[in-house]
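Throughout, protein chains are lettered first and strands after them, A, B, ... in sequence-line order, and every chain is numbered starting at 1.
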Amino acid sequence: MTGGGRGRGVAAFMASRLAQAVVVIAAVATFVFVLIHMAPGDPFAAALDNPHVTESMRARWRAAYGLDRPLGEQYVRYIANLARGDLGWSFSMRRPVREVLGDALPNTLLLAGSALVLGFGAGIALAVVQARRPGSRADRTIGAVSMFFYTMPDFWLALMMVLIFAYWFPILPAAGAIDPVMHDYMGAGARGLDRVRHLVLPAVTLALLSAAGVARYQRAELLRVLPDDFVRTARAKGLPEHRILTRHVLRNALIPTVSLLGLSLPVLFTGAVFVERVFAWPGMGWVVLNAVATRDYPLVTAGVIIAAAIVTVASLATDLLYAVVDPRVQRH
Amino acid sequence: MTEPLLRVTDLRTYFHDNGAVSRAVDGVSFDVMPGETVAVVGESGSGKSVTALSILRLIRSPGVIEPGSRIDFDGRDLLTLNDSEMRSVRGNRVSMIFQEPMSALNPVLTVGDQVAEVVRVHTGGTRKAAWQLAVDMLALTGIPAAAERAREYPHQLSGGMRQRVMIAMALVMHPALVIADEPTTALDVTIQAQILELLSDLRRQFGMSVLLISHDLGVVAEVADRVVVMYGGEVVEQASVTELFEAAHHPYTEGLLSAMPRLNQRSERLVTIPGIVPPSTAWPSGCRFRDRCSYAWDRCAEEHPPLYTVGEQHRSRCHLADEPLHRLERHEPMAAQLGEGA
Amino acid sequence: MYSDTDPAATARVTWPYATLRRAWGPVLALGALVVVALFAPVLAPYDPAAQPDIIGLKDLGPSLAHPFGTDAFSRDVLSRAMYGARVSLSVAALATAITVTLGTVYGAVAGYVGGAVDTVMMRIVDAFLAVPRILLLITVVALWQQLSLWPLVAVLGITGWFGLSRLVRAQVLALRGQEYIVAAQSLGATGGRILTRHILPNVLPTVIVAAALGVGQVIVLEAGLSYLGLGVQPPDASWGNIIQDGADQIGTLWWISLFPGLLIVATAIASNSLGEALRGALDPRGTTRTTVPIWRLWTGRQGVVVHGEGRPPVAPTTR
């Protein structure tokens with residue numbers, strides 16, 4: 001088993017997973033297409049409210065958008081456009097969908113990313129505290145609190161956070177990503193701080209929910225690994241406890257948590273939709289919700305497809321990470 | 001008269017669980033001299049593994065080494081050391097080889113790393129120096145192409161190799177005492193012989209003492225100088241290896257010896273000791289072996305036998321030492337009469 | 001592990017008692033909620049849609065007369081919450097029933113038939129799993145404009161079975177190779193018969209646990225949708241849309257959003273605890289995992305037993 005062989009194995013593995021990812025995304029796009037065309041009404045339903053829009057105008061629009069062509073042809077154009085990266089035109093925003101999502105996506109990634117880091121960090125730390133003395137008061141308290149946060153609806157927690165930290169103890173802003181009035185007049189440092197202040201509440205909300213789940217899972221993993229024989233061997237070698245914990249216990253117990261990272265992405269997206277709504281955070285969830293309200297179908301569908309794409313890629317990256325981290329994984 | 005390297009005095013390790021107390025090790029004493037190989041022999045449940053773990057203080061809650069026990073190593077009572085002092089003893093002056101090398105090695109670290117780790121923790125050296133020492137030690141244990149193998153993970157090695165890695169880990173700091181807990185039990189018979197030979201060679205090379213835990217008398221006959229037989233959490237016989245095999249005193253030892261399958265055996269059935277080891281939460285009164293003993297009489301139930309001296313350096317915990325005539329009254333043990341075991 | 005006898009037989013007999021022993025609290029809580037939901041018309045102190053005094057009773061905080069306060073339309077929040085329980089609980093139960101049925105059948109077929117059919121079926125599941133459930137729900141609901149109750153239940157049910165189908169398929173695959181299945185086949189049993197008499201009963205524990213956990217998930221999901229205005233429509237009350245009623249004025253009318261939220265949390269915790277207890281009770285290998293329930297927090301002794309054998313609990317499923 002030489003190093004060269006292992007390298008080839010990894011490349012082949014990646015290639016096959018990438019191919020699978022493309023297939024999945026294509027399948028999702030197809031499904032969304034089918035859904036759109038199964039739904040009653042058409043994309044111009046919003047325009048129906050406007051009495052100035054005549055039937056002939058609508059007919060022209062339909063022709064312009066190719067909606068009078070046969071379904072098969074529409075599908076091909078749709079997929080071809082997607083492959084080229086053309087996501088269509090957003091009626092409600094009057095801009096290409098690509099631009100709208102391009103502005104919104106980084107915000108969601110920032111939110112989800114911070115929540116992921118905070119959540120996993122806190123969750124693992126809590127799990128370590130719990131696993132040191134299972135059954136102790138600390139363990140049971142943390143376990144109960146975790147259970148509480150884990151089952152909580154995200155939007156309710158978000159509302160409670162707003163209630164507590166924006167009304168009862170008004171220390172943090174509760175809406176938007178930046179101060180709507182002052183931000184452009186601030187210096188660079190103050191601007192950064194402004195962004196951070198606005199990020200705190202939504203990110204902490206998401207992080208709390210994620211940390212609870214991670215703590216539960218990680219605690220079980222730690223309790224599985226701690227009694228293992230090799231921990232006893234490590235002690236018999238005279239290693240100090242902290243080294244045993246980091247180098248031996250955690251390195252083994254964290255491996256399944258890597259796969260949890262992949263599973264967390266969809267969960268974070270879900271949470272992000274509600275949290276963005278409550279905090280008026282201008283991310284993908286907020287954009288898609290608004291698009292739903294204004295029946296801006298191209299935007300909605302593109303949003304769903306992009307979300308699926310991100311989740312798929314993240315899951316691929318997680319699998320790769322897992323293969324890197326666990327030497328027992330066969331790599332050919 | 002040289003001082004013993006290790007002197008265990010009245011070691012008692014109890015496990016407390018919800019009110020019940022399991023007296024796994026109940027007053028064990030023995031010595032290990034420098035350069036000597038002492039074997040601790042017994043069935044599972046006799047307390048031999050717990051004894052080994054107790055010496056290195058690897059017993060975790062709910063197990064406790066009871067006060068009154070003493071473990072003197074190299075002049076100091078190990079039970080009085082604080083955490084950091086104890087850690088400098090483990091892996092460094094006293095080390096341990098475990099039974100199941102696959103689960104005793106960390107699956108996500110290379111074997112080289114795991115050996116080098118011992119060096120780095122006990123010396124202040126560089127990573128490179130520690131790695132080199134590790135590779136040298138692995139080569140010494142007979143692993144071919146040690147420099148390449150050191151970069152591999154435990155699951156990539158065979159059982160025999162893994163045990164060699166464990167031995168390398170235990171010996172790399174040249175400890176004065178190595179405790180080997182059933183080092184060959186999990187291995188194939190052919191590999192067993194190799195590993196035992198390796199242990200003997202290294203022992204001679206480094207001049208260390210070995211405390212071998214085993215249930216296999218064949219292994220003991222090969223490598224040990226002296227034997228300590230344990231039953232029911234106690235030492236029931238102690239002797240040099242030749243004395244034990246030629247003139248065993250305690251009925252339990254007799255039973256163990258006759259249970260060993262031999263090539264020149266005349267009968268076709270294997271002899272076994274009827275009955276099973278009693279639970280450690282409820283040792284019987286008097287002699288703990290009496291229900292399975294072919295010579296037991298009423299004194300055995302009433303009086304717990306002390307360790308009698310029955311020869312030079314030979315002690316036995318049996319009233320037969322005091323009343324040898326009862327040896328003529330062989331009968332069926334109580335356990336066999338009650339139909340227990342077979 | 002090979003077995004020539006049906007391992008789940010004993011577990012099937014004893015599980016109700018084992019579950020009750022571990023989780024009498026959640027069972028009691030859920031039972032109470034179900035009772036309240038069923039008898040809401042009798043138990044509710046006021047008519048949930050009544051607006052007896054538009055000025056005088058508007059926006060009142062919690063009091064003895066109105067333990068959960070009143071809302072902007074002078075309606076009693078407690079009564080609305082009770083009626084909301086009917087809606088939320090029945091939606092959750094029905095949707096979960098659909099989910100469980102679909103997931104089990106799909107997974108069992110895929111696992112039992114195997115081969116190319118299995119691969120294709122699972123790829124389809126993978127595609128659906130890639131989309132976050134909430135986005136799927138929002139899209140579907142948005143496309144069909146607002147959905148009335150039954151279609152809502154159907155959509156909730158149809159979007160949730162993917163994960164379960166994977167679990168069931170894995171179990172069926174494992175069971176297929178067991179000796180007692182092969183024995184049944186050699187005796188001439190048909191595929192259908194084997195599925196129903198041998199495989200499904202052994203898959204039942206997983207399904208039951210998934211059902212219990214699923215109810216908790218759907219409650220939260222439905223609440224979310226209703227909060228967004230996409231679920232249960234006013235004037236019908238569901239816990240989610242009551243929260244929405246108070247959301248815009250969370251600072252001043254906090255009671256409207258707080259209490260229904262607590263009810264949702266309580267229900268979700270209860271069904272999760274029930275699910276965990278069922279998992280412990282139904283496991284035929286008898287893993288001794290006891291988790292200490294919340295209320296024993298400060299009085300219980302050390303009651304946590306470090307694992308028996310087997311894997312730790314499944315990672316949290318997507319919400």
**Message:** Between T126(B) and A129(B) (side chain of the first, backbone of the second, donor and acceptor by atom type, cut-off under 3.5 Å), is there such a pair?
**Reply:** yes
**Complete:** Of the listed Q114(B), Q99(B), M102(B), the one with the largest count of heavy-atom pairs under 4.5 Å with chain A is Q114(B)
**Message:** Please identify, among H122(B), E100(B), E148(B), M96(B), the residue contributing the most non-hydrogen atom pairs under 4.5 Å to chain A.
**Reply:** H122(B)
**Option among V50(B), L58(B), T51(B) that satisfies the side-chain contact (heavy atoms from CB on, under 4.5 Å) test with S54(B)** = V50(B)
**Prompt:** Please walk me through it: do T257(A) and Q218(A) pass side chain to side chain donor-acceptor pair (under 3.5 Å)?
**Reply:** CA-CA 7 Å; T257(A) 311; Q218(A) 188 67 68; 2.4 Å; yes
**Request:** Measure distances from V121(B) to the heavy atoms of chain A and classify the residue's part below 4.5 Å as side chain, backbone, both or neither.
**Result:** side chain
**Request:** If a pair satisfies salt bridge (charged side-chain N to carboxylate O under 4.0 Å, His left out) and one of its residues is in residues 19-28 of chain A, list it, with sequence neighbours excluded.
**Result:** none
**Fill in**
Honestly, the part of R247(A) sitting under 4.5 Å from a heavy atom of chain B is both
**Complete:** Looking only at L109(B), N92(B), L53(B), most heavy-atom pairs under 4.5 Å shared with chain A are made by L109(B)
**Item:** Steps toward side chain to side chain contact (heavy atoms under 4.5 Å, CB included) verdict (R57(B), R90(B))
**Value:** CA-CA 9 Å; R57(B) 291 176 67 185; R90(B) 292 192 195 121; 3.9 Å; yes
**Asked** Do you know which of R151(B), R120(B), M173(B) has the most heavy-atom pairs with chain A at a distance under 4.5 angstrom?
**Response** R120(B)
